[in-house]
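Here's the structure we're looking at; comments come further down.
Reminder, nothing fancy here: chain letters follow the sequence lines and each chain counts from 1.
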Amino acid sequence: MISRAAPRGKPALGPFPPPAPSLDPPRRHPRGRAMPMEKTFNAAEAEPRIYAAWEDAKAFAAGANASRAETFCIMIPPPNVTGSLHVGHAFNNTLQDILVRWQRMRGFDTLWQPGTDHAGIATQMVVERALAKEGNEDRRTMGRERFIERVWQQKVESRGNITGQLKRLGASCDWDREAFTMGGAPGDPDRDSGAPNFHDAVIKVFVDMFEKGYIYRGKRLVNWDPHFETAISDLEVEQVEVDGKMWRLRYPLENGETYEHPIEFDEEGRPSDWETRDYLTVATTRPETMLGDTGVAVHPTDVRYGHLIGKTVRLPIVGRSIPIVADEYADPDKGTGAVKITPAHDFNDWDVGARTGLSAINVMSTTAAMSLKGEDFAAGCDPDDIARAIQMFDGIDRYEARDSIVTLARDEGWLDGIDEDRHMVPHGDRSKTAIEPYLTDQWFVDTAKIVQPAIDAVRSGETEILPEQDKKVYFNWLENIEPWCISRQLWWGHQIPVWYGPTFDENNENVIAPDGTYFCASSIDEVQAKAEAHYSKLLGDQITVEIEQPGLPKPMHNASGVAYENGTVRLASVVLTRDPDVLDTWFSSGLWPIGTLGWPEQTDELKRYFPTSVLVTAFDIIFFWVARMMMMQYAVVGQKPFDTVYVHALVRDEKGKKMSKSLGNVLDPLDLVDEFGADAVRFTLAALAAMGRDLKLSTSRIQGYRNFTTKLWNAVRFAEMNGVYDAGAPTQYRRDADVLQTANKWIVGETAKVRETVDEALANYRFNDAANALYAFVWGKVCDWYVEFSKPLLNSEDTEIVAETRATMGWVLDQCMILLHPIMPFITEELWQTTAAREKMCVHADWPTYQATDLVDEKADAEMNWVIALIDGIRSARAQMHVPVGLYIPVQALEFGDAARAAWTRNETLIKRLARVESLSEINEMPKGAITIAAEGALFCLPLADIIDVAEEKARLEKTLAKLEKELAGLNARLSNEKFLASAPEDVVEDTRDAAAVKQDEAAKLKAALDRLADLE
RNA sequence: GGGUGAUUAGCUCAGUGGUAGAGCGCUUCGUUCACAUCGAAGAUGUCGGCGGUUCGAAUCCGUCAUCACCCA
């Protein structure tokens, strides 16, 4: 390392040494340091510095460090542009970053595509709240143009907010390619920045899908959010259980009809008494909708009402005569068995109405106030009744109207009763207000037409969904797909590319609908051409088409005529008006994979990276996003959007509740990063990644992994203090190098094993397996054993041994940094660069490919395991027998096989050091008062007559023996079972035999020791 | 009502047919020159109940119980 020129023990004087020659990427950060490393990693200081170095080096750019042809591409699930990072994002992006960093180090041509979502309702809500808080005029007063301008302003202000937070986590996205789902839309200040024009892509898709017949306009019942005054999709509705009431209302039968209704029942529940009724009682949780009732349904087999089917009741208040219809939707066992039907305000009733031919009368406004001025409301009713109803209820909020109607019903005697009732009420997931089923014209994607390729792709394995169980969820939803309502009555979003013009009567003379004809096109020029062609052909004249301009007053009429010489008035021009609605946010995010890569241009990136490799997402947006991306990519480009969908858990709070702002249980990942460092947070999330569907985050766990970073740091610090980096960067490990020391051979083999485990785990998205394997290796093997083993070797008189051990340790620790880098990028980069001058940054270090079969030395492995078992045995015996920790004790070998003797000899210094052994001698007879330790091929005694208690040693041996014998009994039982020998695989039988033999041997030794102890007494 | 999943150490949970695991917590001991954000040693499980398949079940099947989530 060039800058650390000062010899050990002599602090450097004077200015920092000159920096390393300029490299790209820079070799190390410019902190010369002659002092030993600090005791801990200063994450707060280092993380921003390291991240800046990566960015300066363009380390995350698409294709950076690529050394092979294969590509690896992940599309980030775009967070809301005005949002902030929550733990779910942290988890989601940590997993993506691990994969991307891993593949980048492997030399794949990687792209992690970042960006944000314009999030229609959510963003509009944020801005409206901001306006209210600032005391500004509201959206309606501002008007659409100024409001949109204000939202763009908000977008610019929020820019970098969430992406900055992702950077703090270490996310290695190609930020130069940052995309936005409304990029390029009118008003975008970055419209000419050269970024992919997402807006044009979205509009083109709409037009294409419209022309293919995948998109249609229709009058349907939709979920209406009265707060935002927009339609929302089924998925944006959440059911909330609320305390409410069930009101029973009496609708009088017309024309003197009556029926017998049971009022008393015998012990077996059979009716025993009846009364004659001239009304039907219906039960409802929403009395205000009765104004729109157009029928009453009874079950076709209901004996009470059979003869009434086809008769009518008179709707109170309105006086509308409505039919009694037969439909199986009416459950004879529920309530009275008669159900009021309001097709315009209830999805079930809509279906009943469709089956039985009932009309739908809309009685509410867009804000869910009663709205009774429609012609269909008054049709067929007494004008006086209608006038009274309008006077009493028109313009009244739905809940006030409910109370008034109930009061009126009580006063007029048609309230039958009130029951307490707890039931589910649909709410808008953003507005949290009760949604209103509402009859409007909306745009729909005819999902049934495009769903099949999305199903087939997963069915055939073309696209893999992991874990397996989420496929079921995916299929279940797609196979029962409903039309997707994509129009939103919002201002913030992609405005629908449809323009309306007049429709003429059959003689092409009079306008019968001013906006009854529509044209779909991706530009004004195109729509003008289309409309001119249409009207010119229709009217047999050259027609000029004008487009209504935003901000200008709307023309009074949509068709204007000029007088011709012969006196007839012929049309000269029409004016088209654009559909004011915008598209559902998920329509545009459904195009994320192709839109971010520049489609419809056949860009280089599109060719290279599409279809993408893997989508990493939480299961809660499988429907919202994953399924729709599948459908839309197939519908638009006829290809799958990704090879694999990896679905992960939702992060929940300690009680297992979904974190949400309204519950106030949100953990801020940035607080955790501040406290523990990004690496610890990332490692924790990786380690928890497989834990079922819920992931409960606790700070004690993060703290534990923070400690792990410190452990790694100090292992490297130890190496540095012991001259491992004196000769510069560790070199490639060579199998034929002069590695003679068993401990060195052993740790090299262990390193190869963990490399295989990590690769295997990451290839299968088993992040927890990778994290746990690395944790166990670094802490349990490298730190607990190898560093300890190395101490006598590094202090050896033999310079060959010192050199070999330094080289091995340097290599092993380099491997730790590399293998840990995808999970803990900051500390590994810091260690990588501060320990030595390097060819490349850690972020671009070559991921190793060595195999355990090449690097594991079976003999060294066996020998070190023997040493470790012996040290464990001595330590355990010492601790249990209360031998003072600091006391070095003599050890005697009673039995000493050749292999054991060789193993001891080769590793004597480290056994002595770690087990605190003073000396070894060989004996022929068990001394009096000794602790016995059985090892493979040897029996050791600790002659400590002065210290130990014979009874206590006896108890210790008995306990060990009891455990051993229990295990042995199990093994022997299996081995004596002929069916086991016959049926079990050979290697299992072999393993069982070996294990039994070893335990048998150990047990025999312990028994002998116990016998000798008995002799003592 | 329909669907999906869960039930393993005090807590949070890994483990999908072959001798029950991790982290945290707990107990005892330790100022050994990488690390007290540490080290050494230790305790704790009829793997929800019952039945079945199997040489062998935490793991596969059935059933019951309890809980959670999604959809009506």
Provide the distance between the two [atom1] atoms, one in [N] and one in [M], to the nearest whole Å.
N	M	atom1	value
B/G56	B/G2	P	37 Å
B/C71	B/C60	C1'	29 Å
B/C69	B/C11	C1'	22 Å
B/A9	B/A22	P	14 Å
B/A57	B/C47	P	12 Å
B/C61	B/U44	C1'	32 Å
B/A43	B/C29	C1'	15 Å
B/G62	B/A72	P	28 Å

Using a cut-off of 4.0 Å on non-hydrogen atoms, how would the nucleic acid contact of [X] be classed: base, sugar-phosphate, or nothing?
X	result
A/P884	nothing
A/R913	nothing
A/E788	base
A/R878	nothing
A/R706	base
A/N772	nothing
A/D872	sugar-phosphate

Nearest-nucleotide pick for [X], side chain only, options being [options]:
X	options	result
A/W779	B/G39, B/A43, B/U19	B/G39
A/R717	B/A43, B/U32, B/C35	B/C35
A/N714	B/A43, B/U19, B/C35	B/C35

- request: In whole angstrom, give the distance that lies between atom CE of A/M881 and atom C1' of B/A41.
  value: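 So the two atoms are 14 Å apart, to the nearest Å.
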
State, with a plain yes or no, whether a side-chain heavy atom of [X] is found less than 4.5 Å away from one of [Y].
X	Y	result
A/M809	A/F718	yes
A/D784	A/W779	yes
A/L95	A/L685	no
A/H299	A/E328	yes

message: I want to know whether A/Y705 and A/F676 have ring centres closer than 6.0 Å.
response: no

Within less than 4.0 Å of OP1 or OP2 of [N], is there a side-chain N or O belonging to [X]?
X	N	result
A/R701	B/C24	no
A/K963	B/U19	no
A/N707	B/C38	yes
A/W477	B/U4	no
A/S876	B/G42	yes
A/K711	B/G39	yes

- line: Assert: residue with more 5' nearest nucleotide on RNA chain B, out of A/K791 and A/R766, is A/R766

query: Mapping A/F718 and A/L981 onto RNA chain B by nearest heavy atom, which one lands closer to the 5' end?
result: A/F718

Should [N] form a Watson-Crick or G-U wobble pair with both distances under 3.5 Å, which nucleotide is its partner?
N	answer
B/A65	B/U7
B/G25	none
B/U44	none
B/U32	none

message: Suppose we call a contact any N or O donor and acceptor under 3.5 Å apart; does that hold for the side chain of A/K39 and the base of B/C35?
response: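 Check fails, no donor-acceptor contact within cut-off.
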
field: Side-chain-base donor-acceptor pair under 3.5 Å for A/E38 and B/A34
entry: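 By the distance-only test, no, there is no pair.
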
- request: Look at the rings of A/Y775 and A/F683 and say which category their plane angle falls in: under 30° parallel, 30 to 60° tilted, over 60° perpendicular.
  value: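 Geometry flag for A/F683 against A/Y775: tilted rings.
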
query: Counting distance only, does the side-chain N/O of A/S876 pair as donor-acceptor with the main-chain N or O of A/G873 below 3.5 Å?
result: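 Side chain of A/S876 to backbone of A/G873: no pair is present.
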
